[in-house]
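Input: a single structure, listed below in structure tokens.
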Amino acid sequence: MEALGLAVLVGLVALGQGQPIDPHAPPFCPPLAPRDCHDVHAGGSRSDGVHLIYPGGRDGAPVPVYCDMSTEGHVWTVFQKRFNGSVSFFRGWNDYRRGFGRADGEYWLGLQTLHLLTLQAPYELRVELEDFENNSAAATYGSFALSPRAVSAEEDGYSLHVAGFRDGGAGQPWGRTHTYGVGPTLVGWDV
Ligand SMILES: *[C@@H]1O[C@H](CO)[C@@H](O)[C@H](O)[C@H]1NC(C)=O
Ligand SMILES: *[C@@H]1O[C@H](CO)[C@@H](O)[C@H](O)[C@H]1NC(C)=O
């Protein structure tokens, strides 16, 4: 496997947070089946770490995910985390579809889970990089979705829809490379 020169954290933040509270809204009730880390936070959890989410709704399977609740005042649903090279990211399509690794270590959440997540709310994407000298950089994309309009996401190849690049010191946007699809793209970020 390749030498890992960077720690990589890739996550989503739900848009529409921080809006003024509607006085006529029904009383707050934490979701029983949190769809993402934002829901986990709304349910009272305040610490970074692994939580169960239900991206397919309360009848879907629970998925363990790493929640970052301390970066830039947002709650990030992390879908790729790499920091010490203990998990190989050179894998086949089925592993990228289903996910691999563990949310308490290095992992990839999986294309199908990501697709379900991005279907149910608009998300912003954040990529954080840190090298061995502790220099860090981030890049943000204002919108991110996988096959948002496809009848079958799998047949559509989980095609990546990203827009609204904002540089946080990480340099150029993915540009050309994002046509390769989300798995190879995110993995390809640090090769
Ligand atoms: C990498 O980190 C994981 C989780 O903290 C740990 O279990 C594992 O032993 C580490 N592996 C290496 C090669 O440092
Ligand atoms: C990077 O940060 C870690 C943890 O804060 C520290 O242990 C390490 O010495 C730092 N490395 C460098 C090269 O500054």
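Atoms within a ligand are numbered from 1 in the order they appear, just like the ligands themselves. The first residue in the sequence is number 1, and the count goes up from there. Just so it is clear, the structure is predicted and the values come from calculations on it, not from any experiment.
- Under the 4.0 Å distance rule, the nearest protein heavy atom to atom 7 (O) of ligand 1 falls outside the cut-off.
- At least one test fails for Arg126 against the ring of Tyr141: distance under 6.0 Å to the centre or angle within 45° of the axis.
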Start with the C-alpha gap between Ser70 and Asp48, add the side-chain angles, then the distance that decides, and say whether side chain to side chain donor-acceptor pair (under 3.5 Å) holds.
CA-CA 7 Å; Ser70 56; Asp48 288 358; 2.9 Å; yes
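- Listed by number with element, the atoms of ligand 1 under 4.0 angstrom from any heavy atom of Ser86 are 1 (C), 11 (N).
- Polar contact with ligand 1: absent for Asp104 (N/O pair, distance under 3.5 Å).
- In plain terms, the two heavy atoms of Leu117 and Arg35 that are nearest each other are CD2-O, 3.4 Å.
- Taking the ring axis of Phe100 as reference, the NZ or CZ atom of Arg91 stays within 45° of it and closer than 6.0 Å to the ring centre.
- The shortest distance between side-chain heavy atoms of Leu12 and Phe79 falls below 4.5 Å.
- Taking atom 4 (C) of ligand 1 as the reference point, the nearest protein heavy-atom neighbour is Phe83 CZ, 4.0 Å.
- Atom 10 (C) of ligand 1 has as its closest protein heavy atom Asn84 ND2, 2.5 Å.
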